[in-house]
Amino acid sequence: MSSSILIVDDDPDVVEILSESLKARGYRTEGAYDGNDALEKYDEFKPDLVILDALLPGRDGFAVCDEIRLRDLYNDVPVIMISSDSVPESIMKGLKAGAQDYIKKPFSLKEILAKIESSLSQANRKRDLREKNLILEDELQRGHADYIRVNKELKKKIYDMRSLFELTQDLNRLRDSEELVRVFSLTVIAQLGVDSVAIFYIFDNSDDVLSYMGGSGVSDNVLRSVTLSKNNALSRELLARGDILDLKENDINDAAKREADFISRFGFDYCYPLIIKSRLLGVVFVGKKLNEQGYSSNDLELFKWICTAAATGLENSRLYSELQETYLSTIKVLVSTIEAKDAYTRGHTDRVAEYATLIAKEMGLSKRDIETVSFGAALHDIGKLGVYEDILNKPGELDEAEWEVVKNHPVVGANIIKNMKFLEAATDLVRHHHERLDGSGYPDGLKGDEISLGARIVAVADSFDAMTSNRPYREGYSLEEAIEQLKLQSHKFDINVVEYLEKLVKSGRIKR
Ligand SMILES: [Fe+2]
Ligand SMILES: [Fe+2]
C-alpha cells in the first residue's frame, strides 16, 4: 500500500500544491491548517509521514511535533518541518521537538520529494528492524520455553534413573531370594510395561540345569515343568553373547533356534543371561509389550540393567546363605564344646533350638524372626564356655560366688556373638533368655514387655527342656506335666508362648 502523508500548513496553497504533486507520485495525502486540526487529522489518518509548518496559528509546529512524538512511541512517523525561518536556533528547536528534517521556505519540490523518500525509507528500515527484533525476542522466549521443557524432561529422567538406582540397590540388598525374585518381577513388569517375566536359575552350583525360580504373568505350574540345560545350544549362545537375545532372531545356529522357538511358545519375546564370573547362572525371559509400539532400545537397556542388578542380588543371596551355613556349622562345633563340658545337659541346645524354632513358626513370625529365634536358641548357652567346668558339674549347691559366675553366662554369651553381623539380632535373645516377666530373672531384671518375644520364646523352650530332662538327683517331668508347670508360672513365662508349645506337644510335633 502506498505511503500516506499529512501536510500541515496555514497556507492552503502550499497544502494544495504539495498534495497534488505527492498524489501524482502515488502517495495518499491529507491536509491540515492549524495545530489542533493537525493533531485531529493525525489521529484519524494515521499518516506514515508528516510535513509540518513551524509557524501555525494557535498551537505552533514545535508543539504539534511534541504531541506527535507522544503519540508515536517508536518514532516511526518522520516529521519534516518547513519554515521561512532558517536561523540555527529554530532548526535546533525543530530537531529537538523530534523532527527528522528541516526545510527552509521557499522549497523546491524536488528537494522536498527527496527528503520525503529518504525519511520514509529510513522509517521503514527502522520499523523492519524493530519487527525483526520482536521476532527474535519472541523466538528467544520460545527458546526459553523449550529450554524449560527439556530441563523438565531431563529432571524427570534423572528422577527415574535415581529411583531405578535405588530399586536396583534394593535388589542388591535383598537377602531372601524369594523376595528378590518377587520384587524383580514386579519391577520388570512395571518399568517395561510387559505382560510377563520369568526367571530361570541354577540353585545349586553343582547343578547342570536352570530351573524356574519365579515370575509374573506366567503360569508357575507350567514353567516349573520346564528346565534348561546349562549345556544346551541356547544356553551356550547366551553365555557366548552375554547380551540380550531376540527369541525370533535368525542369526543363531539351528539348535539354538529350535530351543528359542520352544521357549517363545510360552509367550516370551526376549531373554537375557545372568552371568557372574563367566558362569551362566540364570536366564530371564520377558513377554509382550503392553503398548502397540513394541520394545524400544531404551526398554531393552532398562531390562538389562534391572537383570544385572538382580543377578548381583541373587549371587549375594547365595553367598550369604553359604556363609550362614558355614557360620552355623561353626556354631554347632562351639555348642558341642559346651555340652562336652556339661555332661548333664547333652542334647539340650539342639532340643531348645528345635522347640523354639517350632514355636516361632507356629506363631507365624516372619522368616527373618524365625531365623533369629533359631540362631538365638542354638546359641543361648554359649556363654557357658566361660563358666568353669567344675562349677557347671558341681553336684551340690553352688555358693554365692559360683552362682554369680553362672548367672553371668547370658552376658558372656551376648558378648561373644555381638560382633558377628548376622547374629546381631540374636544377641538380645542370648542375653535375656533367663529374664522372667515378673522381673525375677537375670542378668538385667527386665519385666513384661521389656523382654522381647524372641527371648520369651527361648526362655519357655529352655525351661521346658530343663523340666523334662532327667538329672542325677531327679527324674524329669513328662511333657504334659512340664506344660502344666509352665502354666502355673504364668507370672514368669509368656502364657501365649506356652499355649503354642502345648499345641505342638498335643499334636505330637514335639515328643520325647
Ligand atoms: Fe542359660
Ligand atoms: Fe539353657
Side-chain angles (χ1 to χ4, degrees), residues 1-140:
M1 205 161 86
S2 62
S3 302
S4 54
I5 297 172
L6 174 63
I7 304 159
V8 189
D9 202 303
D10 57 338
D11 183 346
D13 289 341
V14 173
V15 173
E16 200 185 330
I17 294 165
L18 273 175
S19 184
E20 290 307 312
S21 23
L22 289 172
K23 273 180 184 159
R25 280 165 183 80
Y27 294 108
R28 289 176 294 126
T29 63
E30 186 66 51
Y33 306 94
D34 61 44
N36 292 334
D37 189 21
L39 288 173
E40 264 172 42
K41 293 273 170 57
Y42 179 90
D43 291 338
E44 269 170 39
F45 188 51
K46 301 196 184 335
D48 296 317
L49 183 140
V50 181
I51 295 171
L52 181 61
D53 189 10
L55 296 171
L56 292 169
R59 215 193 284 246
D60 72 7
F62 303 111
V64 172
C65 194
D66 275 338
E67 278 298 317
I68 288 177
R69 290 286 77 99
L70 286 177
R71 285 163 162 78
D72 174 28
L73 281 179
Y74 294 115
N75 218 354
D76 277 343
V77 182
V79 175
I80 298 173
M81 296 206 74
I82 40 177
S83 171
S84 46
D85 191 358
S86 71
V87 288
E89 294 87 74
S90 304
I91 297 175
M92 283 311 292
K93 198 176 169 193
L95 296 178
K96 244 189 192 159
Q100 263 65 34
D101 220 326
Y102 200 91
I103 296 178
K104 191 182 159 331
K105 268 183 184 172
F107 49 81
S108 76
L109 262 176
K110 206 174 150 190
E111 185 191 5
I112 201 162
L113 285 171
K115 291 211 188 248
I116 286 171
E117 264 176 38
S118 89
S119 294
L120 277 175
S121 75
Q122 232 177 50
N124 277 339
R125 271 206 303 280
K126 216 166 91 188
R127 205 178 302 128
D128 266 8
L129 265 176
R130 206 185 57 248
E131 273 163 13
K132 275 189 188 135
N133 217 3
L134 278 177
I135 292 172
L136 273 176
E137 263 176 31
D138 193 42
E139 277 174 5
L140 211 69

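Computed from a prediction, not measured in an experiment: that's the story for all the values here.
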> What pairs with Glu30 under side chain to side chain donor-acceptor pair (under 3.5 Å), at least two apart in sequence or on another chain?
Replying inline: none

If only atom types and distance count, is the side chain of [X] paired as donor or acceptor with the main-chain N or O of [Y] below 3.5 Å?
X	Y	value
Lys41	Gly31	yes
Arg25	Ser21	yes
Asp34	Asp37	yes
Asp48	Ser4	yes

To the closest 0.5 Å, what do you measure between [atom1] ([X]) and [atom2] ([Y])?
X	Y	atom1	atom2	value
Ser19	Asp9	OG	CG	12.0 Å
Glu117	Leu49	CD	CG	11.0 Å
Leu113	Phe107	CG	CZ	9.5 Å
Ile82	Glu111	CD1	CD	10.5 Å
Leu52	Ile103	CG	CD1	11.5 Å

>> The test is side chain to side chain contact (heavy atoms under 4.5 Å, CB included); show your working for Leu39 and Ile68 and say whether it passes.
In response: CA-CA 7 Å; Leu39 288 173; Ile68 288 177; 4.1 Å; yes

> Could you walk me through whether Arg71 and Glu67 pass the salt bridge (charged side-chain N to carboxylate O under 4.0 Å, His left out) check?
Replying inline: CA-CA 6 Å; Arg71 285 163 162 78; Glu67 278 298 317; 2.9 Å; yes

> Is there a side chain to side chain contact (heavy atoms under 4.5 Å, CB included) between Arg69 and Val77 once you walk through the steps?
Replying inline: CA-CA 8 Å; Arg69 290 286 77 99; Val77 182; 4.3 Å; yes

>> Under a plain distance cut-off of 3.5 Å, with no hydrogens placed, do Arg130 and Asn133 share a side-chain donor-acceptor pair?
In response: no

> Where is the tightest heavy-atom contact between Pro47 and Val50, given as atom of each residue plus distance?
Replying inline: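 Where Pro47 meets Val50 most closely, the heavy atoms are CG-CG2, 3.9 Å.
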
> Could you go step by step and tell me if Ile51 and Leu18 meet the side chain to side chain contact (heavy atoms under 4.5 Å, CB included) rule?
Replying inline: CA-CA 10 Å; Ile51 295 171; Leu18 273 175; 4.3 Å; yes

>> Go through it in stages, so that I can follow the logic: the residues are Ser3 and Tyr27, the test is side chain to side chain contact (heavy atoms under 4.5 Å, CB included), and I'd like the CA-CA distance, side-chain angles, deciding distance and then a yes or no.
In response: CA-CA 5 Å; Ser3 302; Tyr27 294 108; 3.9 Å; yes

